[in-house]
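All residue numbers in this chain count up from 1 along the given sequence.
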Amino acid sequence: MKDYKLIFAVLTVAIVWGTTFLAIRIAVETIPAWFVAGIRQLFASIIMLFVLLSRKEFKWIGWKNLKYQIIFSSLMLIIANGMVTVAEESVSSSLASLISACAPILVFLGSLAIGLQKFSLRAMAGVLICFSGVLFVFWDGLKDLANPDYRTGMLFLFCAISGWASGTIFTKKLNIQSGNITLNLFYQFLFAGIVQIIFAFLFSENYNFGNWTLKSISAMLYLSIFGSVAAFFAFHYALTKISPVQVSILAYINTIIAIFLGWLIMDEQISFKFIIATALIICGVFIINYKPEMFKRQKVA
């Protein structure tokens with residue numbers, strides 16, 4: 001029998017996470033980026049708190065576990081998510097999603113450096129294909145590098161994927177048991193939200209709340225409710241039904257959806273070189289992460 005809940009969960013992850021880059025771009029049109037990131041995480045933590053209280057699962061996690069959650073939060077939410085949000089003040093959602101898709105390259109190279117990953121010609125070929133895609137990105141946007149805002153945006157994007165890759169490697173290296181994921185995520189969202197709100201007041205040149213449009217506020221709330229919470233629950237439901245490598249295929253769909261929506265709604269220019277870059281990067285990342293079980297029917301107990 002078809003598992004309609006699983007189909008709904010997979011579609012939720014693919015579509016919602018594919019729309020987050022567009023939602024960020026809309027949100028930062030009138031709201032300073034650090035406010036978007038901080039309010040998003042704080043609101044998500046409140047939702048998580050209500051979920052935990054309804055399940056009677058809210059509790060103190062201990063200083064040792066809190067330390068780990070702060071490290072995860074700093075790398076994955078404050079640096080990765082926060083800097084993507086800041087970058088989208090000056091670069092398109094399409095470009096942000098494409099550069100973010102390169103994170104597995106850094107995960108592979110970092111894992112290789114510390115002995116978590118074995119060298120293989122297939123994976124190295126995937127890295128080289130990805131890098132060729134990145135070169136196409138810069139070739140296509142070479143003239144834009146003269147713009148200091150664009151250069152800063154690109155720098156933030158590379159900091160973001162470095163943070164994401166570091167968080168992923170840190171998780172793999174420590175091999176920590178996840179425990180209550182919802183509880184851990186509450187602490188991660190809360191810490192990130194507080195830090196990012198502090199950054200917002202420190203680094204935002206103009207945070208006149210009266211200038212925030214309903215459109216941007218709606219996009220920010222969408223990021224909290226759907227991008228941070230609904231997609232998270234759908235993602236973990238999918239993991240109970242199919243293998244992690246099968247779920248990982250959704251990352252490629254996310255990038256395509258993000259680029260398509262940027263072109264359709266924000267009228268972002270998609271050149272032929274950009275399409276080639278997208279194909280090369282997705283192909284390279286797929287080769288790096290390829291495992292035979294990706295396409296085997298498998299149910300996780």
Side-chain angles (χ1 to χ4, degrees), residues 17 41 61-84 86-87 96-135 137-138 154-181 183-185 187-189 191-192 195-196 232 235-236 239 243-252 254-255 280-294 300:
W17 278 350
Q41 312 302 359
I61 58 173
W63 290 108
K64 183 178 179 180
N65 193 15
L66 180 64
K67 179 182 69 174
Y68 291 136
Q69 303 315 317
I70 287 175
I71 294 172
F72 297 149
S73 180
S74 299
L75 294 171
M76 310 290 268
L77 297 177
I78 296 174
I79 295 178
N81 180 266
M83 289 193 172
V84 165
V86 175
S97 66
L98 186 58
I99 296 299
S100 296
C102 297
I105 305 176
L106 297 185
V107 173
F108 169 75
L109 294 176
S111 299
L112 193 65
I114 63 175
L116 287 175
Q117 181 88 30
K118 292 182 179 180
F119 175 83
S120 72
L121 291 176
R122 174 180 57 77
M124 190 52 62
V127 170
L128 293 175
I129 292 172
C130 281
F131 274 125
S132 65
V134 173
L135 290 177
V137 170
F138 281 103
M154 293 299 291
L155 177 62
F156 275 121
L157 283 177
F158 281 106
C159 288
I161 63 172
S162 298
W164 184 270
S166 299
T168 303
I169 294 170
F170 181 75
T171 305
K172 290 167 66 176
K173 180 68 175 177
L174 292 183
N175 195 25
I176 300 170
Q177 295 298 317
S178 59
N180 187 326
I181 299 173
L183 185 63
N184 289 342
L185 218 79
Y187 284 99
Q188 290 181 32
F189 282 145
F191 177 76
V195 172
Q196 288 171 331
F232 158 76
F235 177 75
H236 283 279
L239 284 177
S243 69
V245 287
Q246 288 173 314
V247 176
S248 70
I249 296 175
L250 296 174
Y252 314 118
N254 294 342
T255 304
L280 287 170
I281 289 173
I282 291 177
C283 180
V285 171
F286 178 81
I287 290 172
I288 293 170
N289 291 302
Y290 173 76
K291 292 181 181 179
E293 59 265 35
M294 275 183 169
V300 179

Chemist: Could you give the distance from CG (L106) to CD1 (I161), rounded to the nearest 0.5 Å?
Modeler: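 Those atoms lie 4.5 Å apart.
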Chemist: Just to verify, what does W164 make a ring pair (Phe, Tyr, Trp, His ring centres under 6.0 Å) with, not counting sequence neighbours?
Modeler: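 Ring pair (Phe, Tyr, Trp, His ring centres under 6.0 Å) check on W164 returns nothing, list empty.
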Chemist: Taking atom CG of L121 as the centre, report whether more than 12 heavy atoms of other residues, nucleotides or ligands fall under 6.0 Å from it.
Modeler: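 No, not enclosed.
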Chemist: Minimum heavy-atom separation for A101 and T255, please, with both atom names.
Modeler: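 Closest approach of A101 to T255, heavy atoms only: CB-OG1, 3.7 Å.
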Chemist: Looking at every heavy atom in both C102 and I281, which two are closest together, and how far apart are they?
Modeler: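 In terms of heavy atoms, the two residues are closest at SG-CD1, 3.8 Å.
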Chemist: Which pair of non-hydrogen atoms, one from I105 and one from C130, has the smallest distance, and what is that distance?
Modeler: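 Result for this residue pair: CD1-CB, 2.9 Å.
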Chemist: Does any N or O in the side chain of Q196 come within less than 3.5 Å of the main-chain N or O of L77, such that one atom is a donor and the other an acceptor?
Modeler: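 Yes: the side chain of Q196 pairs with the backbone of L77.
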Chemist: Identify the heavy atoms of S132 and L280 that sit nearest to each other, and give their distance.
Modeler: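 Here S132 and L280 meet closest at OG-CD1, 3.7 Å.
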Chemist: Examine the side chains of N184 and Q188 and answer whether a donor and an acceptor come within less than 3.5 Å of each other.
Modeler: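 N184 vs Q188: no donor-acceptor pair found between side chains.
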Chemist: Between atom OG of S74 and atom CD of Q69, what is the distance when rounded to the nearest 0.5 Å?
Modeler: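 Separation between the atoms: 11.0 Å.
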Chemist: Taking S73 for its side chain and I70 for its backbone only, find out whether a donor-acceptor pair lies under 3.5 Å.
Modeler: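 Absent.
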Chemist: What's the separation between atom CD1 in I287 and atom CE in M124, rounded to the nearest 0.5 Å?
Modeler: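 Between atom CD1 of I287 and atom CE of M124 there are 13.0 Å.
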Chemist: Report the distance from atom CZ of F189 to atom CG of N81, rounding to the nearest 0.5 Å.
Modeler: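 Rounded to the nearest 0.5 Å, the CZ-CG separation comes to 8.5 Å.
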Chemist: What are the two closest heavy atoms between V84 and S100, and how far apart are they?
Modeler: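 Scanning both residues, the minimum pair turns out to be CG2-OG, 3.9 Å.
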Chemist: On the 0 to 90° scale, with breaks at 30° and 60°, tag the F170-Y68 ring pair as parallel, tilted or perpendicular.
Modeler: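 Rings of F170 and Y68: tilted, as their planes differ by 30° to 60°.
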Chemist: Quick check: closest heavy atoms across G163 and M76, and the distance to 0.1 Å?
Modeler: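 Of all heavy-atom pairs spanning G163 and M76, the closest is O-SD, 4.2 Å.
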Chemist: Apply side chain to side chain contact (heavy atoms under 4.5 Å, CB included) to L135 and F131, showing your working.
Modeler: CA-CA 6 Å; L135 290 177; F131 274 125; 5.6 Å; no
